[in-house]
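Data first, discussion second: the structure below is written as structure tokens.
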Amino acid sequence: MQTISFKLEVFEGPMDLLLNLISKHKLNIYDIEISSLLEQYLAYLDQCREQDLELAGEFLEMAARLIYIKTASLLPRPEDAQKEKQALQGALIEYALCKQAAQALAQRFVGGQIFTRPPMQVEVSPAYARTHLPFVLLETWNTMGQKRFAPQENARERLQRVVTRPVVSVMSKVVYVMRKVYHDEHVYFGALYADVRERSARVALFLAVLELTKHGRIGISEDGTYLYRRTDYVKHSEKG
């Protein structure tokens with residue numbers, strides 16, 4: 001009897017072990033010699049016990065199945081053994097075919113590989129290829145015309161407003177501020193600029209406030225929200 005040197009971890013189950021034994025000892029899978037196969041199978045189990053390897057229940061179940069086939073074949077009516085043998089042979093053939101298919105699929109597996117391709121040269125056409133409805137084009141053209149294609153008369157009017165914009169003197173706004181502070185005790189900046197719309201008038205008003213503050217005619221609150229008339233300046237003027 002040949003010594004078996006396999007380890008249990010190599011085989012996924014008893015069917016895998018049987019296929020290995022059939023291949024190793026060149027048995028005919030279509031007409032298995034149960035006696036020879038059982039002998040090799042039991043020898044493998046004995047070696048596993050000697051190495052203190054745990055055997056799964058399915059390995060012991062297959063051993064019992066092989067022993068049953070061999071025992072039933074020795075009885076006067078071996079038909080049951082023949083049917084069980086054919087069932088085992090069919091299961092082994094199907095298992096062998098599944099293993100072959102699994103190996104073929106494993107060779108084709110490319111999941112761990114990364115495939116790349118060189119960048120493609122894309123031809124860009126300068127022609128505008130999209131289509132639009134007529135009313136969309138008309139609306140877009142009108143919107144563009146309001147800014148870029150305005151009539152010449154409107155352009156002249158806008159230029160005239162810039163060129164002929166009135167220049168407001170700082171002195172006029174000095175008088176405006178002094179009237180405010182003499183009329184009201186406190187004049188808030190928001191109310192001071194409320195009626196001033198023109199840019200030049202606002203600049204002149206700002207310069208007037210600075211000038212009056214510089215000469216001590218008016219003061220600005222600590223929080224910077226309103227103006228007030230300096231009474232100490234009035235008393236100093238009366239003494240002078």
Side-chain angles (χ1 to χ4, degrees), residues 101-240:
Q103 291 176 359
L105 292 175
Q107 294 176 356
R108 297 181 181 181
F109 177 71
V110 292
Q113 302 181 21
I114 300 177
F115 297 93
T116 59
R117 61 173 176 80
M120 297 178 61
Q121 297 295 332
V122 180
E123 296 183 2
V124 180
S125 174
Y128 190 77
R130 298 185 61 183
T131 58
H132 302 277
L133 296 175
F135 74 90
V136 176
L137 296 175
L138 178 60
E139 183 179 357
T140 304
W141 175 263
N142 292 333
T143 303
M144 294 173 58
Q146 293 177 2
K147 297 181 179 179
R148 299 181 57 186
F149 307 103
Q152 191 67 20
E153 293 76 9
N154 294 341
R156 290 198 186 97
E157 291 178 1
R158 292 198 300 270
L159 180 61
Q160 191 70 18
R161 287 197 298 268
V162 175
V163 173
T164 61
R165 180 171 296 172
V167 177
V168 181
S169 64
V170 177
M171 185 55 64
S172 65
K173 290 304 176 183
V174 168
V175 177
Y176 172 78
V177 174
M178 292 306 298
R179 286 178 179 177
K180 288 284 187 180
V181 296
Y182 273 104
H183 184 268
D184 298 323
E185 183 177 358
H186 295 156
V187 180
Y188 287 90
F189 281 102
L192 187 67
Y193 281 90
D195 299 331
V196 182
R197 302 296 182 186
E198 292 291 335
R199 182 179 302 175
S200 60
R202 285 177 169 268
V203 173
L205 180 58
F206 175 74
L207 295 176
V209 171
L210 293 180
E211 190 71 18
L212 291 172
T213 305
K214 175 182 177 181
H215 292 283
R217 302 291 298 274
I218 62 174
I220 302 176
S221 62
E222 293 182 359
D223 58 0
T225 58
Y226 63 88
L227 302 174
Y228 61 89
R229 184 164 56 94
R230 294 282 297 272
T231 57
D232 54 346
Y233 177 83
V234 175
K235 292 179 181 180
H236 178 73
S237 299
E238 292 175 353
K239 290 179 180 180

Enclosure of R202 CZ (heavy-atom neighbours >12, cutoff 6.0 Å)
yes
What's the verdict on side-chain contact (heavy atoms from CB on, under 4.5 Å) for I218 and M178, showing C-alpha distance, side-chain angles and the deciding distance?
CA-CA 8 Å; I218 62 174; M178 292 306 298; 4.2 Å; yes
So which heavy atom on S169 is nearest to which on A204, and how close?
O-CB, 3.8 Å
To the nearest 0.5 Å, atom OG1 of T131 lies from atom CG of L137 at 9.5 Å
Considering residues, nucleotides and ligands other than F135, do more than 12 of their heavy atoms fall under 6.0 Å from its CZ?
no
Around atom CZ of F206, are there more than 12 heavy atoms from other residues, nucleotides or ligands closer than 6.0 Å?
no
Check: L192 and Y226 side chains under 4.5 Å, non-hydrogen atoms:
no
Can you find a pair of side-chain heavy atoms, one from F189 and one from L227, that are under 4.5 Å apart?
yes
Of the options V170, V174, V177, which is the one that meets L205 in a side-chain contact (heavy atoms from CB on, under 4.5 Å)?
V177
Can you find a pair of side-chain heavy atoms, one from L207 and one from K173, that are under 4.5 Å apart?
no
